[in-house]
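Remarks on the structure that follows.
Atom set for the values below is all heavy atoms of this structure, side chains included, hydrogens, waters and symmetry mates excluded.
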Amino acid sequence: MCIRDRVSTQSTGQLTGLMAFVKLVKNKAYFKRYQTKYRRRREGKTDYYARKRLVAQDKNKYNSPKYRFVVRFSNKDITCQVVSSKIVGDVCHTAAYAHELTRYGLPVG
C-alpha cells in the first residue's frame with residue numbers, strides 16, 4: 001500500500017497529495033500495561049520454561065534438594081559442578097576442573 005492515498009498532478013507536473021491516516025498503535029496506554037521480561041530472558045541466556053522443569057523437585061520429597069550435574073566449557077578449561085537451586089539462587093556444592101586431572105595421574109587436562 002502506498003504512503004499517500006490520493007495523489008493529484010497539477011499542470012506543472014508536481015505531485016501534491018494528502019498523507020494517509022496512520023493509527024498510532026503503541027500509545028501511552030500500551031506502554032503503561034507493558035510488562036518487561038526477566039533480564040536473563042531479554043539477554044537470551046535463560047529458558048525459564050526448561051529451567052522450571054529441570055529444577056522443580058517433586059512435592060512428596062518435601063525439602064530435599066534436587067541436584068544436577070553442570071558441565072561448562074571455556075577456552076582453556078572444563079568445569080564440572082554439582083548444583084542445586086534455592087529461592088535466593090543456585091548453590092554449587094562441589095566443583096572439579098580439567099586442569100586438576102594431572103594431580104590424579106592423568107596426563108591430559
Side-chain angles (χ1 to χ4, degrees):
M1 185 172 163
C2 227
I3 294 175
R4 295 184 177 137
D5 278 345
R6 291 175 261 165
V7 178
S8 62
T9 12
Q10 295 176 340
S11 59
T12 58
Q14 295 175 343
L15 293 175
T16 62
L18 301 171
M19 292 298 290
F21 176 75
V22 179
K23 185 181 178 203
L24 186 65
V25 177
K26 295 185 178 176
N27 54 13
K28 191 173 184 178
Y30 170 83
F31 287 108
K32 280 170 103 172
R33 297 179 57 83
Y34 185 79
Q35 184 176 10
T36 57
K37 306 257 192 266
Y38 290 137
R39 178 182 54 86
R40 290 187 61 88
R41 169 64 186 92
R42 291 193 313 261
E43 294 170 354
K45 291 183 177 180
T46 302
D47 179 5
Y48 284 100
Y49 182 82
R51 178 178 166 78
K52 178 181 166 189
R53 279 147 184 77
L54 187 70
V55 167
Q57 179 65 289
D58 294 335
K59 294 297 177 190
N60 62 354
K61 296 185 180 170
Y62 300 103
N63 207 14
S64 59
K66 186 173 186 181
Y67 300 106
R68 65 185 194 277
F69 193 70
V70 178
V71 180
R72 293 190 171 95
F73 299 95
S74 69
N75 290 337
K76 291 187 170 186
D77 209 7
I78 299 173
T79 307
C80 300
Q81 298 173 326
V82 176
V83 180
S84 69
S85 67
K86 296 193 175 183
I87 298 295
V88 292
D90 289 1
V91 177
C92 178
H93 296 281
T94 186
Y97 301 90
H99 68 263
E100 296 174 343
L101 292 175
T102 53
R103 296 182 202 165
Y104 303 103
L106 288 169
V108 295

Restricting to non-hydrogen atoms, name the atom on [X] and the atom on [Y] that form the minimum distance, rounded to 0.1 Å.
X     : Y     : value
Val71 : Cys80 : CG2-SG, 4.2 Å
Arg51 : Ser85 : NH2-CB, 4.1 Å
Lys26 : Phe31 : O-CE1, 3.5 Å
Tyr48 : Arg40 : OH-CB, 3.7 Å
Ala56 : Lys66 : O-NZ, 3.3 Å

Residues in side chain to side chain contact (heavy atoms under 4.5 Å, CB included) with Arg42, at least two apart?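 Result, side chain to side chain contact (heavy atoms under 4.5 Å, CB included) vs Arg42: Thr36, Lys37, Arg39.
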Checking Arg53 side chain against Tyr49 main chain: does a donor-acceptor pair fall under 3.5 Å?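 Such a contact is found between Arg53 side chain and Tyr49 backbone.
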Check whether any side-chain heavy atom of Val55 lies under 4.5 Å from a side-chain heavy atom of Arg68, and answer yes or no.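 Contact flag for Val55/Arg68 side chains = yes.
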For Tyr34 and Tyr30, take the angle between the two ring planes, folded into 0 to 90°, and tell me which bin it lands in: parallel under 30, tilted 30 to 60, perpendicular over 60.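 Geometry flag for Tyr30 against Tyr34: tilted rings.
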Other residues, nucleotides, ligands: >12 heavy atoms within 6.0 Å of Asn75 CG: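 No, not enclosed.
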Is it possible for you to say whether Val82 and Phe73 belong to one hydrophobic cluster, with membership spreading through side-chain heavy-atom contacts below 4.5 Å?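 Yes.
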Same cluster or not: are Phe69 and Ile78 linked, directly or through other Ile, Leu, Val, Met, Phe, Trp or Tyr residues, by side-chain heavy atoms under 4.5 angstrom apart?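 Result: yes, single cluster for both.
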Spatial distance of atom NZ (Lys52) from atom CG (Asp47) [nearest 0.5 Å]: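 It is 12.0 Å, given to the nearest 0.5 Å.
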